[in-house]
Amino acid sequence: MALPDSVYQRIYSTVRRIPRGRVASYGQIARMVRGTTPRMVGYAMAALPEGSRVSWHRVVNHGGEVSARAAGDGAVVQRVLLEKEGLVFDRSGRLDLARYGWKARVAR
DNA sequence: AGATTGACTGCAT
DNA sequence: CATGCAGCCAATC
């Protein structure tokens, strides 16, 4: 991220606001951050440097399932992190978005 | 500078 | 439910 207000920076800021125990979809983030797309969100996550405070594990795909990533076992780690926050995956490995979906600044 | 790729989504078949 | 295709846009080669 070269510029302080780059698209990536906005994506990271938004992702950081996801409360514990909630998840948001790539599409959801993309709609909150004007000028970006779900693909950009995923790409931003992939480019995310280690050690960042961004709660990337709270970002799942549109079906409430952890997306496969280009490298390694991150998906498993992500799922464990979410379970530790109290979220429950169904037998298909999906989350109940109606329940865990993040309602951005909207009074439930 | 042009082509390729990617942690996505939605609609059509 | 499986496949295919299009849209979207930055990073990389």
Side-chain angles (χ1 to χ4, degrees):
Chain A
M1 46 197 135
L3 302 174
D5 64 323
S6 66
V7 176
Y8 278 35
Q9 190 59 54
R10 279 182 247 165
I11 292 173
Y12 296 149
S13 296
T14 302
V15 173
R16 245 194 309 315
R17 291 186 186 105
I18 302 174
R20 188 168 179 280
R22 293 270 174 88
V23 297
S25 70
Y26 297 93
Q28 171 104 46
I29 302 295
R31 280 166 188 138
M32 283 187 264
V33 182
R34 220 138 112 97
T36 196
T37 65
R39 285 194 151 162
M40 284 301 89
V41 177
Y43 198 60
M45 296 294 105
L48 195 57
E50 285 181 43
S52 82
R53 294 169 293 142
V54 178
S55 47
W56 56 271
H57 58 269
R58 300 199 184 117
V59 183
V60 297
N61 67 22
H62 192 64
E65 183 173 282
V66 176
S67 294
R69 67 259 312 148
D73 43 344
V76 178
V77 176
Q78 181 174 358
R79 172 165 173 162
V80 173
L81 286 171
L82 291 173
E83 291 180 323
K84 287 174 77 172
E85 294 192 351
L87 281 73
V88 179
F89 289 80
D90 66 20
R91 63 174 179 168
S92 300
R94 292 196 274 193
L95 295 166
D96 182 357
L97 288 183
R99 207 159 109 91
Y100 303 122
W102 178 37
K103 321 289 185 181
R105 64 188 184 131
V106 175
R108 203 156 38 100

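Note on naming: letters A, B, ... go to the chains in the order of the sequence lines (proteins, then strands), and numbering restarts at 1 for each one. Remember, it's a predicted structure, so these values are computed and weren't measured experimentally.
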Intermediate values then yes/no, side chain to side chain contact (heavy atoms under 4.5 Å, CB included), Leu95(A) and Phe89(A): CA-CA 5 Å; Leu95(A) 295 166; Phe89(A) 289 80; 3.7 Å; yes
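The heavy-atom pair separating Val33(A) from Thr14(A) by the smallest distance is CG2-OG1, 3.4 Å.
Residue contacts for Ser25(A): at a heavy-atom cut-off of 4.0 Å it reaches the sugar-phosphate backbone alone, with no base atom in range.
At whole-Å resolution of the value, NE2 in His62(A) and C1' in dC11(B) are 12 Å apart. Between Leu95(A) atom CG and dA7(B) atom P there is a gap of 20 Å when expressed in whole angstrom units. What separates CG of Leu48(A) from C1' of dA7(B) is a distance of 11 Å, to the nearest Å. The nearest whole Å value for the distance from the CD atom in Gln9(A) to the C1' atom in dC9(C) is 18 Å. Atom OH of Tyr12(A) is separated from atom C1' of dA10(C) by 11 Å (rounded to the nearest Å).
Shown for residues 26-34 of chain A: residues whose heavy atoms fall under 4.0 angstrom of DNA chain B, namely Tyr26(A), Gly27(A), Arg31(A).
Between Thr37(A) and dG7(C) there is no side-chain N or O to OP1 or OP2 distance below 4.0 Å.
No continuous path of ILVMFWY side-chain contacts below 4.5 Å connects Val88(A) to Leu81(A), so the two sit in separate hydrophobic clusters.
When distances run from any side-chain atom of Arg39(A) to the nucleotides dT9(B), dA10(C), dC8(C), the shortest one goes to dC8(C).
Between the CD atom of Gln78(A) and the CH2 atom of Trp56(A) there is a distance of 5.5 Å, given to the nearest 0.5 Å. Here the CZ-NE2 distance, from Arg79(A) to His57(A), works out to 14.5 Å after rounding to the nearest 0.5 Å.
The backbone N or O of Gly64(A) sits nowhere less than 3.5 Å from a side-chain atom of Tyr100(A) that would complete a donor-acceptor pair.
Comparing Met40(A) and Asn61(A) along DNA chain B, the residue whose closest nucleotide (by nearest heavy atom) sits nearer the 5' end is Met40(A).
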